[in-house]
Structure formats: structure tokens, C-alpha cells
Amino acid sequence: MDLSDAALLVSAGLAAGTVNAVAGGGSLITFPALIAIGLPPVSANVSNSVAVCPGYLASVAGSRKDLPDRRTLAKLVPTAAVGVVAGCVLLLATPSRAFELVVPFLVLGATAVLAFQDRLRRLVGHPTELSPRRRTLSVQLVVAVGAVYGGYFGAALGVMLVAGLALVTDETLARVSAIKNVLSAVVGLTTVVVFGLFGPMNWAAVAVIAPATLVGGYLGARLARRLPSAVLRAVIVIFGTTIGLILLYRALA
């Protein structure tokens with residue numbers, strides 16, 4: 001890795017950390033950067049999953065004032081941990097082509113859910129109208145599906161989590177974003193363990209990107225707290241749509 005490669009990775013890490021904290025999808029900045037410096041796709045994906053983890057942790061610190069109580073988070077963390085392990089195993093054990101074709105539609109679908117959240121709530125029912133058991137199961141399902149996806153690929157994980165949680169919980173978007181940051185951190189920490197032990201890691205690339213995502217993640221989380229819900233939703237929808245279309249183009253190219 002020469003100086004220009006390192007500069008590219010630092011810039012990508014700063015941008016990705018900020019984007020992950022605000023909307024999610026920062027991996028679509030760092031993943032291509034890793035490919036650009038010559039890493040094979042699987043190695044780039046594995047290294048990227050580990051490298052962006054510090055940014056998730058910084059996002060949690062930046063959004064800590066919007067976090068729910070610990071009991072609420074304690075119910076979600078185990079589900080996220082189990083789901084991400086399943087996703088990691090899926091990545092390491094199965095061909096990725098089929099999932100590559102599905103991923104763009106998952107991202108676009110999640111973005112559409114967030115964009116048409118109010119209309120969908122009229123169809124499926126507002127969270128306050130659901131029974132406590134059904135509401136709990138819905139939240140757990142959203143977390144589980146998002147964590148499996150995060151363990152397998154991870155790009156636009158934030159978009160998917162925000163869209164799902166905003167549909168099944170009666171919380172402000174800032175609170176949902178803060179919960180998303182915690183779940184993303186769980187996903188990141190778990191991938192560090194699994195991929196660190198079993199994945200084709202490029203530790204030099206990780207060492208360059210990780211500190212940059214730490215700075216970007218904290219700054220992005222602070223920015224997200226100051227954005228009105230309508231503006232934050234618009235940012236996530238626009239970014240999620242762009243990510244989905246980029247992924248679709250790459251899968252079909």
C-alpha cells in the first residue's frame with residue numbers, strides 16, 4: 001500500500017463514518033475504495049466490515065442522549081448478535097452471486113418502507129394499535145433480518161434498520177437512529193470477532209480506515225441529532241435509493 005492508497009482509504013473512512021451515522025450505507029464508500037487498491041472482493045468485504053466498526057461505536061457515543069433505556073436495548077442486542085453470526089457464516093460458507101442480486105431489492109424495498117411509512121402504517125396498523133406481544137415480535141424480526149444482512153454484506157444496513165424500526169416502533173426518527181447505531185455497533189463488533197478469526201482479512205487496510213471512521217461516525221451522529229425528522233427521513237430515502245440503484249447496476253453489470 002503506497003501513500004496515495006492510504007490517502008484514499010482515509011478519505012473514504014471519514015466519509016463512510018459520517019454517512020453511516022446519519023443515514024447508513026457508508027460501506028458503499030469504503031468497499032469500492034478497498035477494491036480500488038487491489039483487494040479481492042471477499043477480502044475487501046470482510047476487511048470493510050471490520051474497518052467500519054469503530055465508526056459505529058463513535059456513532060453510539062454521539063447519539064447517546066437519544067438512546068432508550070438499557071432494558072429496551074438489552075432485549076435487542078442478543079437477537080442482533082445471533083443474526084450477525086448467521087450472516088457471517090452465510091458469507092463464508094456460500095456463493096455470493098445469488099445474494100448480490102437480492103441485495104439491491106432489499107435496500108430499495110427498505111427505502112420505500114421508510115418513504116411511505118405513514119401509508120404503510122394505515123395498512124398494517126400503527127405500533128400503538130398493536131398488542132404488546134405482536135409489537136415485540138415485529139421489532140425482534142426487524143432486528144434479526146437486519147443483523148443477518150449486516151453480517152453478510154452490511155452496505156445500507158443503517159437504511160434497512162431505520163426503515164424497519166420506524167415502521168414497527170412509535171419513536172422519533174432521532175431515537176430510531178440512535179437505536180440503529182447501537183445495533184450497527186453490535187453487528188460491527190461481532191464481525192470483528194468472526195472475520196478476525198476466520199475471514200481473509202487485510203489488517204493494513206483496516207488499520208488505515210478504522211480511525212477515520214471513528215472521527216466521521218462521531219461527527220455524523222452529532223449532525224443527525226440536529227436534523228429535523230422530515231429532513232433526516234429525506235436524506236435517508238435519497239441516499240438509500242442511490243445505494244440501491246448502484247448495487248443493482250453492479251449486480252447486473
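Since this is a predicted model, take the numbers as computed values, not measurements.
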Heavy atoms, side chains only, cut-off 4.5 Å: are Asp66 and Val176 in contact? no

Please give me the minimum heavy-atom distance between Gly151 and Val84, naming the atom from each residue. CA-CG2, 3.5 Å

May I ask whether Val192 and Val52 are part of the same hydrophobic cluster, defined by side-chain heavy atoms of I, L, V, M, F, W, Y residues being less than 4.5 angstrom apart, directly or through others? no

Check Arg135 against Val168 and note the closest heavy-atom contact, atom names and distance. CG-O, 3.7 Å

Out of curiosity, Asn202 CG to Leu39 CG, how far, rounded to the nearest 0.5 Å? 4.5 Å

Count I, L, V, M, F, W, Y as connected when their side-chain heavy atoms are under 4.5 Å apart, and connections chain through other members. Are Leu189 and Val186 then in the same cluster? no

Identify whether Leu165 and Leu108 are in the same connected component of the hydrophobic contact network (ILVMFWY, side-chain heavy atoms under 4.5 Å). no

Within this structure, what is the OG-OH distance for the pair Ser49 and Tyr152, rounded to the nearest 0.5 Å? 11.5 Å

Residue set satisfying side chain to side chain contact (heavy atoms under 4.5 Å, CB included) with Leu252, at least two apart, ordered chain then number -> Leu101, Leu248

Could you grab the distance from atom CG of Leu67 to atom CZ of Arg175, nearest 0.5 Å is fine? 7.5 Å

Would you give the length of the straight line joining atom CZ of Arg133 to atom OG of Ser138, rounded to the nearest 0.5 angstrom? 10.5 Å

Heavy-atom nearest pair, Gly146 first then Leu161, reads CA-CD2, 4.1 Å

Do we see a donor-acceptor contact under 3.5 Å between the side chains of Ser184 and Asn181? no

At their closest point, which heavy atom of Val187 faces which heavy atom of Ala147, and how far apart are they? CG2-CA, 4.2 Å

In the single-linkage hydrophobic clustering (I, L, V, M, F, W, Y; side-chain heavy atoms under 4.5 Å), do Leu92 and Val193 co-cluster? yes

Distance alone, cut at 3.5 Å: any donor-acceptor contact between the side chains of Asn48 and Thr30? yes

Between Val139 and the options Thr72, Thr169, Ile179, the side-chain contact (heavy atoms from CB on, under 4.5 Å) test singles out Thr169

What are the two closest heavy atoms between Phe195 and Cys88, and how far apart are they? CZ-SG, 3.7 Å

Output for pair (Asp5 CG, Leu8 CG), nearest 0.5 Å, gives 7.0 Å

How many angstroms lie between OG1 in Thr191 and OH in Tyr56, if you round to the nearest 0.5 Å? 8.0 Å

Greater than 12 external heavy atoms within 6.0 Å of Leu197's CG: yes

Are Val85 and Leu141 linked, directly or through intermediate hydrophobic residues, by side-chain heavy-atom contacts shorter than 4.5 Å (ILVMFWY only)? no

Sidechain-backbone polar pair: Thr18 side chain, Gly216 backbone, donor-acceptor under 3.5 Å: yes

All N/O donor-acceptor pairs, side-chain side in residues 75-82, below 3.5 Å, sequence neighbours left out:
| from | atom 1 | to | atom 2 | distance (Å) |
| --- | --- | --- | --- | --- |
| Thr79 | OG1 | Gln140 | OE1 | 2.3 |

Stepwise side-chain contact (heavy atoms from CB on, under 4.5 Å) test for Leu14 and Thr213: CA-CA 5 Å; Leu14 283 169; Thr213 66; over 6 Å; no

Scanning both residues in full, the closest heavy-atom pair of Gly188 with Cys53 reads C-SG, 3.4 Å

Val10/Ile209 under side-chain contact (heavy atoms from CB on, under 4.5 Å): CA gap, chis, key distance, verdict: CA-CA 5 Å; Val10 169; Ile209 294 177; over 6 Å; no

